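Worksheet for the structure shown next.
Whatever order the structure lists them in is the order used to number ligands and atoms, beginning at 1. Everything quoted here is computed from the prediction, not taken from an experiment.
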Amino acid sequence: MPNEAASSFKIYDDSAANSDKRILNSGTTDPNKILPMKYKWARQHYKNGVANNWTPEEVNMQKDFETWKSPNGLSEDERRLIMWNMGFFSTAESLTANNIILIIYKYVANPECRQYLLRQAYEEAVHTDTFVYCCDTLGLNPDEVYSMYATIPSIRAKDEFVVGVTQSILDPNFTTEGKENVQKFVHDLISYYIIMEGIFFYAGFVMMLSFLRQNRMVGVGELFQYILRDETIHLAFGADLTNQIVEENPEIWTPELKQQITEEIKQAVELEIAYAKDCLPRGIMGLNVEGIAEYVRYIADRRLERIHLEKVYNAQNPFPWMSEMTDLRKEKNFFETRVTEYKSGGNLKWD
Ligand code: FE
Ligand code: MN
């Protein structure tokens, strides 16, 4: 016989009792009482993240090491491309993690959203660890990798672009009370989730996954593929969180804010194209800057639509193979006989 308590257990509650919960400024949210939940999307992203678990040590780097060390293993252009992406990602991952922990977590009290934020923070730690692992296994110079955000102008420009917007809300006296402050908070969400994770990572993903497609530097390629799969979920959570806050605070979604965000996404596209030009001054591996630029415009349109803004470029996807790379079923490891299955299957759509 199920007992009384068990039969009344429910994960979600759509009833009026739960309907006054809100993401921001909610006096009725108890951050320590996760049940019953209100936001099913937050729960689903959490479960998708857990089903996609991985660690960098699962990827064998022996062949990459041999290729990296061999004088004829890679061209000078290929080497620079790999180093620059290491330089950008290694610091971008911790910028993102800091934003989650120091800003977003503080103001989003809803427990199922916080559960996801904790999961994401762990994944960012895994991503940070991935670049530690790359430095270690390939023998990269950490001083070179970790100073590129300061020494390479097109990397620095991207980091400064997202860091600049968080200055006002890093103020310890910042609150999310009032229309302007909610707008600032949403602006931070869009800068990190939509621009940093949704646009600034993507030229790098195309470049690094091109090695994987050609069966070269396969370990590094697989590591970037796992990061891409995590980032797909981060982006989806960030967009759902943004859309939910806008739905609950419709007065903030003014024509001026929408215009500002659209303009910033256009600036971000230009910064990402400038970065691609720096990384890839000459075409290699079937990639050229025009192809990457078209791809960045294509994904920028998808990001705009995901947060209910008008697309601006009407670009076509020049790399349809990128959508296969995000499929969450983990293939057989190239160097090992062991096959690790991820449970969630292909339930995430490329957006
Ligand atoms: Fe990450
Ligand atoms: Mn992320």
Will you find, in the side chains of T176 and N25, an N or O donor that is under 3.5 Å from an N or O acceptor?
yes

Between D240 and R306, does at least one N-O distance fall below 4.0 Å, as a salt bridge requires?
yes

Proximal heteroatom of H127 relative to the Fe ion (ligand 1) (N/O/S)
ND1

Does E197 bring an N, O or S atom to under 2.8 Å of the Mn ion (ligand 2)?
yes

Among the N, O or S atoms of E124, which one sits nearest to the Mn ion (ligand 2)?
OE2

Short side-chain donor-acceptor distance under 3.5 Å, R43 and Q115
yes

E93 near the Mn ion (ligand 2) via N/O/S, less than 2.8 Å
no

Looking at the Mn ion (ligand 2), is there an N, O or S atom belonging to H234 that lies under 2.8 Å away from it?
yes

Could you tell me how the ring of F237 sits relative to the ring of H45: parallel (under 30°), tilted (30 to 60°) or perpendicular (over 60°)?
perpendicular

Measuring from the Fe ion (ligand 1), name the closest N, O or S atom belonging to E124.
OE1

Metal-centred angle, OE2 of E231 through the Fe ion (ligand 1) to OE1 of E93, rounded to 10 degrees
130°

Has E231 got an N/O/S atom less than 2.8 Å from the Mn ion (ligand 2)?
yes

Tell me whether K158 forms a cation-pi arrangement with Y275, defined as NZ or CZ under 6.0 Å from the six-membered ring centre and within 45 degrees of its axis.
yes

Name the orientation class of the two ring planes belonging to F89 and F224 (parallel below 30°, tilted from 30 to 60°, perpendicular beyond 60°).
perpendicular

